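Here the structure is a predicted model, which is why all the values come from computation and not from measurement. Heads up: numbering here begins at 1 and tracks the sequence. These values consider heavy atoms only, across backbone and side chains, with no hydrogens, waters or symmetry-generated copies. One-based numbering, in listed order, for ligands and for the atoms of each.
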Amino acid sequence: MQDIRKISLQELTAFLQTQNEPAFRAKQIYDWIWQKNVHSFEEMTNVSKKLRQILKQHFYFNTLNIHQDFTSEDGTIKFIFQLYDGKKVEGVLIPTQKRMTACISSQVGCSLDCSFCATGKMKLQRNLESAEIVDQVVHIQNRALQTYQRPLTNIVFMGMGEPLLNYSNVVQAYRHITAPQEMGLSTKRLTISTAGIAKGIKRLADDEVKAKLALSLHAPTDEKRNKIMSINEQNNLEVLYEALQYYYSKMKQYITFEYVMLKDFNDTLEDAKALVKWSRKIPCKVNLIEYNDTGSFKGSLPEQISAFEQYLLQHDIPTSIRRSRGKDINAACGQLLIQDKTTPLKK
Ligand code: SF4
C-alpha cells in the first residue's frame with residue numbers, strides 16, 4: 001500500500017497499465033487528486049466502481065485535517081491542522097482589504113531556533129509532505145470563500161519551519177499549487193521565505209522556481225544576526241549576498257527582506273544605516289514587521305518603526321510596514337507554537 005499523492009502521473013499510468021486500464025484514466029484520477037482535491041476514491045465519480053476498488057486495494061490518502069480554528073477580532077483565522085500521524089501544525093488566513101493571504105507551514109516545528117520565534121522552541125519533528133502542504137492551502141482557500149466570499153490572493157511559506165530545509169516537498173507543493181492544469185495559482189502569488197539557507201536559494205534559481213523569494217534578514221550585521229539566528233554562523237551575510245546575487249542574475253526577481261522590529265536591538269539609526277548599506281547591494285524591498293513581545297524581546301515602539309521606515313525611504317529603499325495581525329489568538333509573526341501532548345515544550 002502506498003500514499004497515492006506520493007506518486008507521479010507517469011507512475012500512476014504505469015500502474016494502470018498493469019491493470020489493463022487505458023492511459024487516459026490516469027489523467028482522470030490525477031485531476032481528481034490535484035485539481036479537485038478529493039481525499040477519497042469514492043468521490044471519483046467518473047471512474048468505474050471496479051477500478052475504484054482496485055485503487056483502494058493498492059493506495060490510500062494521508063490527509064491533513066482541521067483540528068481547531070480560532071478567529072481574531074481583526075478577522076485573522078488561525079488553524080491547527082492535524083496530520084495523519086497525530087502531529088500538528090498551524091496555518092493562518094489573513095484577510096485585508098486588498099489581499100487574502102494564507103500563511104502555511106513547511107515542517108512540524110523547526111530546527112533553527114531563532115531566538116525571537118516560538119516555533120523554534122518546538123524543535124524539528126518532521127518535514128511536511130507535499131500533499132500536506134497543498135492540503136493547508138485547500139482548507140484555507142475553502143474558509144476564505146466560506147467566510148469572506150473571496151479567494152486566496154497570496155500564499156506565503158512563513159508558518160512553521162524552514163522551507164528550504166524541506167526543499168523537495170516544498171517545491172513539489174509549489175508545482176501542484178501553480179500548475180495550470182492543477183490548482184492554477186499564479187507563481188507570483190507565492191512567496192518562499194527563508195531564514196537564509198544559501199544553498200537552497202541557489203537551488204531555487206537553478207530549478208527556476210518562480211515564486212517570490214523573501215529573506216528573513218532581521219539584523220543588518222553578522223554580529224547582531226548571530227545573536228538571534230544561529231543559522232547565520234554557517235550562512236553569514238557575505239555567503240547570503242553571494243547566493244542572492246546568483247539568484248538575481250538568473251531569476252531577475254527582486255528579493256524581499258523581512259525585518260522584524262525588536263526594541264533596542266535592531267531599531268536604531270545605526271541599524272537603519274547598516275540596513276540601507278546592505279539593501280543597496282541587491283534589488284530588493286524591505287518589510288518592517290511589528291513584533292509581539294515574547295520572552296526576551298519586545299516589539300519596537302510605533303514611532304521608532306515609522307522613523308526607521310522614513311530613513312529607509314529617504315535613502316530610496318522601497319519599504320513598508322507589516323502590521324501585526326491575529327495577536328489575540330497567537331497567530332502573529334513568531335507566535336506559531338503547538339502546545340499539547342504531541343509536542344513537549346521546554347521553556
Ligand atoms: S523564524 Fe522561521 S526559521 Fe527561525 S525558528 Fe522560527 S520558524 Fe524556524
Checklist entry - Which protein N, O or S atoms does atom 4 (Fe) of ligand 1 have within a distance shorter than 2.8 Å? => result C114 SG

Item to check | Selection from G109, G161, S106 by shortest heavy-atom distance to atom 2 (Fe) of ligand 1 | outcome: G161

Next on the checklist: Distance check, rounded to the nearest 0.5 Å: T221 atom OG1 versus N226 atom CG?
Outcome noted: 8.5 Å

Next on the checklist: Just checking Y174 against F157, ring centres under 6.0 Å apart?
Outcome noted: no

Item to check | cation_pi(R203, Y167) dist<6.0 Å, angle<=45 | outcome: yes

Checklist entry - Which residue, N154, V92, T76, forms the side chain to side chain contact (heavy atoms under 4.5 Å, CB included) with C103? => result V92

Checklist entry - Taking the six-membered ring for Trp, are Y259 and F308 ring centroids under 6.0 Å apart? => result yes

Next on the checklist: Taking side-chain contact (heavy atoms from CB on, under 4.5 Å) as the definition, give me every residue that meets it alongside V239, ordered by chain and number, with sequence neighbours left out.
Outcome noted: A198, N236

